[in-house]
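Notes follow the structure.
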Amino acid sequence: MNVLLFGSTGMVGQGVLRECLLDPDVQLVQTVGRTSVGAQSPKLREIVHQDLWHYQAIAAKLSSFDACFFCLGVASSGMSEVDYEHVTYGITMAAAEILSRLNPIMTFIYVSGAGTDSSEQGRAMWARIKGKTENALLRLPFAAAYMFRPGIIQPLYGARSKTALYRVFYTLGKPLLPLLLLTFPDYVLTTQQIGQSMLTVARHGYPKKILEAKDIRAAAHPYVEKQS
């Protein structure tokens, strides 16, 4: 499997990249982002690309992929609705539209978030825009597309958020996360589980197009069994 990964320097993306590089069935992982991931592997190929709203300049390097794991995102705190939509919807759809043309057999997996509003009519600005993005992705002519909606995420193996507020949260909450994972398994996921689930869904699909945290966890189980 050849995988295209967006957002590989973020917390979720770091975890997904690790699982892709460890998976013996993944032949190539190509990252696209504004900065280098700082990792080395014979499987890894990087494209450093500054303009994430336009991809024609690198279009020749975006074909022949089986899956795209889109983990790129920003926190809505302090952003206007226009600016948040420009980033969240704009960047995602710019990439997805060209990828759907170049990769007709691609499975596209988008990391959204728990509480996303599919009606696009709710009161929470971020949830409406995430819902708009999900709906637009599901209309594109990919072989398959899946929306991942994780809730609380426990970073593993050095994965670290780029958002300062999230780093504070994870630093203060670190002692409680393993307990939350045991007590509320349907609401807490690890970065490892998200990566493993993506690989399983990319290979075998899933009965639902929108996966909540419990679905993501369930999809990761066959991967763990396969590797054991």
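The environment of NZ in Lys209 is crowded: more than 12 heavy-atom neighbours from other residues, nucleotides or ligands sit within 6.0 Å. Around CD of Gln50, the count of heavy atoms belonging to other residues, nucleotides or ligands within 6.0 Å exceeds 12.
Judged as a side chain to side chain donor-acceptor pair (under 3.5 Å), the pairs with a partner in residues 141-152 (not counting sequence neighbours) are, in order, Ser118-Arg149, Glu134-Arg149, Arg149-Glu212. Judged as a ring-ring contact (aromatic ring centres under 6.0 Å, His included), the pairs with a partner in residues 76-99 (not counting sequence neighbours) are, in order, Trp53-His86. Legend: ring-ring contact (aromatic ring centres under 6.0 Å, His included) pairs involving residues 9-39, not counting sequence neighbours: none detected. The salt bridge (Lys or Arg N to Asp or Glu O under 4.0 Å) pairs that include a residue from residues 63-87 are Glu81-Arg128, Glu85-Lys132, where partners are two or more places apart or lie in different chains.
Residues passing the side-chain hydrogen bond (donor to acceptor under 3.5 Å, both in side chains) test with Glu97: none are found, sequence neighbours excluded. Every side chain to side chain contact (heavy atoms under 4.5 Å, CB included) that Ala124 has, sequence neighbours left out, goes to Trp126, Ala127. The side-chain hydrogen bond (donor to acceptor under 3.5 Å, both in side chains) search around Tyr206 returns Asp215, not counting sequence neighbours. In this structure His54 satisfies the side-chain hydrogen bond (donor to acceptor under 3.5 Å, both in side chains) test together with Asp51, sequence neighbours excluded. For Ser36, the side chain to side chain contact (heavy atoms under 4.5 Å, CB included) partners at least two apart in sequence or on another chain are Glu46. With sequence neighbours left out, the side-chain hydrogen bond (donor to acceptor under 3.5 Å, both in side chains) criterion links Arg34 to no other residue. With sequence neighbours excluded, the residues forming a side chain to side chain contact (heavy atoms under 4.5 Å, CB included) with Arg139 are Asn135, Ala136, listed by chain and number. In this view, Phe70 and Phe6, Phe108 satisfy the ring-ring contact (aromatic ring centres under 6.0 Å, His included) rule, not counting sequence neighbours.
Rounded to the nearest 0.5 angstrom, Leu52 CG and Thr92 OG1 are separated by 10.0 Å. Going from atom OG1 of Thr9 over to atom CD of Gln14 covers 7.0 Å, rounded to the nearest 0.5 Å.
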